[in-house]
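Quantities reported herein were computed from a predicted structural model and do not represent experimental measurements. First the proteins, then the strands, lettered A, B, ... as listed; each starts at 1.
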There are 2 protein chains.
Amino acid sequence: MERKTVLIVDDEEKIRILLRDFLEREGYNVLESPDGKQALEMFQRFGNDIDLILLDIMLPELDGWTVCRKIREASQVPIIMLTARSEDFDEVHGFEIGADDYVKKPVKPTALIARINAFFRRLEREKNENNVFVFDGIEIDDASHVVKVDGSEISLSPKEYSLLLILVENRGKIVSREQLLNQVWGYDYYGGLRTVDTHINRLRIKLGRKADAIATIRGFGYRFEG
Amino acid sequence: MERKTVLIVDDEEKIRILLRDFLEREGYNVLESPDGKQALEMFQRFGNDIDLILLDIMLPELDGWTVCRKIREASQVPIIMLTARSEDFDEVHGFEIGADDYVKKPVKPTALIARINAFFRRLEREKNENNVFVFDGIEIDDASHVVKVDGSEISLSPKEYSLLLILVENRGKIVSREQLLNQVWGYDYYGGLRTVDTHINRLRIKLGRKADAIATIRGFGYRFEG
DNA sequence: CAAACGTGTTCACAATTTTTTAACAAAAAT
DNA sequence: ATTTTTGTTAAAAAATTGTGAACACGTTTG
C-alpha cells in the first residue's frame, strides 16, 4: 500500500501540528495550508497527489464551504470537514456541497485518525475487491447484483438490493432506520420510517430460509448476521 | 489523554532501570516487580490502574507463562512478553496463553518504546472504532449490541441494554437511580424510581451466573463490578 | 428480643410501544 | 397496457415497559 497524502487546512498552527504529528506517525504524508486561498493553490499544484483533505470551516481569506465547492468543481478528492460546533454544520448543506464526512471540533486526534483509516480502508475495499459476499447460504455479487440463497438466484428490487447491501457492508453492526433511510433513500428523503420496515419485510420474504439473517434489534434498527 | 501505567516484571535490575527511565521520559507511570510472585501481588493491588504489563519469561519464583496465565484468569490487561532468545518463544503458545505481543531480548529501549506507543495507539483507535467491553464472564459489543455471558449470547430489551451500558461505562462507580433515570429514560421522565429496580432485576435475571456483577449500594444506587 | 422502619426485590398484569404484516393505490418501468 | 416497484396506512402481533402491592431483609428503636 503506497503512502497516502493528506492536506490539512486550518488556520490554527497548533491544530495543524497536532494533526500532522499523529498522521505522520501513522504513516501519512502531510501537507498544510493556513487559509483557504493557499489551500486552493496547494491543491492546484499537488492536486493529483492529494488523497484526502481535512478542511476547517472557519478560515481566513476563503471559508471552508467555498474552498470545498471550488475544489469540487475540479476534483472528486475526498474531503472531511472540521466544524467548530455541531450547530455550525448544516449536514445537508455540507453533503450537498460535496463533503464526504465531517468531524466535530475539538477533534480527538485518535478518533480522527480512526475515522481517516476507516475511510481509506473502505475506499480501498471498494476499489480492490470486486465485492462478492459469501455467507452461509447467501451470496451477493455486487458487480452483477446477483443474490443467491442456497445456490439459487432470487430477484430483488432496487431498494431491496440496496438495503441488503448496506446491511451486509455493516454486517455485525446495528444499522438504524435513519441510517438506512439516509443511505438507501438519500438524506433529503421525507417519508416515514415505517417504509424501511416494509422493505425489510419484503426482503426477508425473498430471502426465504435465510430470512433471519436480518435480525431486528428492537428500538435500534436492524443487523445482518453473517 | 491520561497517563498510562506500565508494570515491568523482570529479575534483572539493570533492565528494569533502563526501561523505567525510557518509559518515564516518554510520559508513562512505571511499576516494577523483580519476580513473578511479587508481580501477581502488585497486580492484585494495582490491577485497575495498570494499562500494560511488560513480562519477562525467565523469572524466579514463578515463570512468565504462569504469571501471564494467572493474570488472564482475572483480567484482560494487555501483556507484552519479553523473551531472551527467540527460540525460547513458542509464538503460538504465547498467544494462546493470552499475551498480546512479544519482544525479543536484548530489547532496544527505543524499539520497545515505539512498539508500546504503537500498541496504545492501536488500542485507542480500536476503542474509538468499536466499543467492546470484556470482563470476566461478560462481553458487550456496542456496535452490535451483542451481550454474552460465559460466551453465550443473551437478549436484552432496549432499556435493559442501555442500563447495562451506562453501568459498565461507569464501572466501579456508584450510579444513583436518579442518574440512571436521567440517562436511560431522559431527564424529562416522569415515573417513579422503583422502575429502575424492576429493570435492574430483569437485567440481573438475564445475566444469570453474573447477576452479581451489578451490586446494590443500599441508599445510593447500583455499581457494576468489572 | 421484638417491633417498626427503611430500603430493595420480586411478581403479575395492564398499558404502551414497537415491529410485522397485509392491503391498496400511486409511480415507474417494461 | 401491463407488470413491477414503491410508499402509506391501518390492523394484528409481539415484545417491552411501568406500576403497585406483597415480600424480604437488614437496621434501628423501643
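In summary, the aromatic rings of Y28(B) and F120(B) are positioned with their centroids under 6.0 Å apart.
A distance of 5.5 Å separates CG of L181(B) from CG of L193(B), quoted to the nearest 0.5 Å. Taking CG from L54(B) and CD1 from I79(B), the interatomic distance works out to 10.5 Å, rounded to the nearest 0.5 Å.
Taking only distance into account, the side chain of R218(A) meets the base of dT18(C) through a donor-acceptor pair shorter than 3.5 Å. Side chain R204(B) to base dG8(C): no donor-acceptor pair is found below 3.5 Å.
Phosphate contact (OP1/OP2 of dT10(C), side-chain N/O of N201(B), threshold under 4.0 Å): present. Residue W185(A) places none of its side-chain N or O atoms closer than 4.0 Å to OP1 or OP2 of dT6(D). Remark: R202(A) is not in phosphate contact with dT20(C), judged by side-chain N or O atoms under 4.0 Å from OP1 or OP2. When the side-chain nitrogen and oxygen atoms of Y222(A) are compared with OP1 and OP2 of dT19(C), none of them lie within a distance under 4.0 Å. A sub-4.0 Å separation between OP1 or OP2 of dT8(D) and a side-chain N or O of T198(A) is absent.
Atoms CG (L163(A)) and C1' (dG7(D)) sit 14 Å apart, rounded to a whole Å. Per the geometry, CG belonging to D197(A) stands 14 Å off C1' belonging to dA10(D), to the nearest Å. Taking atom CD1 on I154(B) and atom P on dA15(D), their separation rounds to 17 Å, with Å as the unit. Following rounding to the nearest Å, L181(B) (CG) and dT17(D) (P) show an atom-to-atom distance of 13 Å. As rounded to whole Å, 15 Å separates atom C1' of dT6(D) from atom CG of L156(A). Atom CG of L193(A) is separated from atom C1' of dT9(D) by 15 Å (rounded to the nearest Å). F220(A) places its CZ atom 14 Å from the C1' atom of dA15(D), with the value rounded to the nearest Å. dA28(C) atom P lies 11 Å from atom NZ of K159(A), rounded to whole Å.
If you check dT20(C), dT6(D), dG8(C) against the side chain of R177(B), the one that comes closest is dG8(C). The side chain of Y189(B) lies closest to dG18(D), out of dG18(D), dG7(D), dT5(D).
Using a 4.0 Å heavy-atom distance criterion, Y161(B) is classed as making no nucleic acid contact. Within 4.0 Å (heavy atoms only), T195(A) reaches at least one base atom of the nucleic acid. Nucleic acid contact class of R194(B) (heavy atoms, under 4.0 Å, all strands): base.
A perpendicular orientation is assigned to the rings of H199(B) and W185(B), their planes being inclined by more than 60° (bins at 30° and 60°).
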After noting the C-alpha distance and the side-chain angles of D56(A) and I8(A), does the key distance pass the side chain to side chain contact (heavy atoms under 4.5 Å, CB included) rule?
CA-CA 8 Å; D56(A) 191 25; I8(A) 302 172; over 6 Å; no
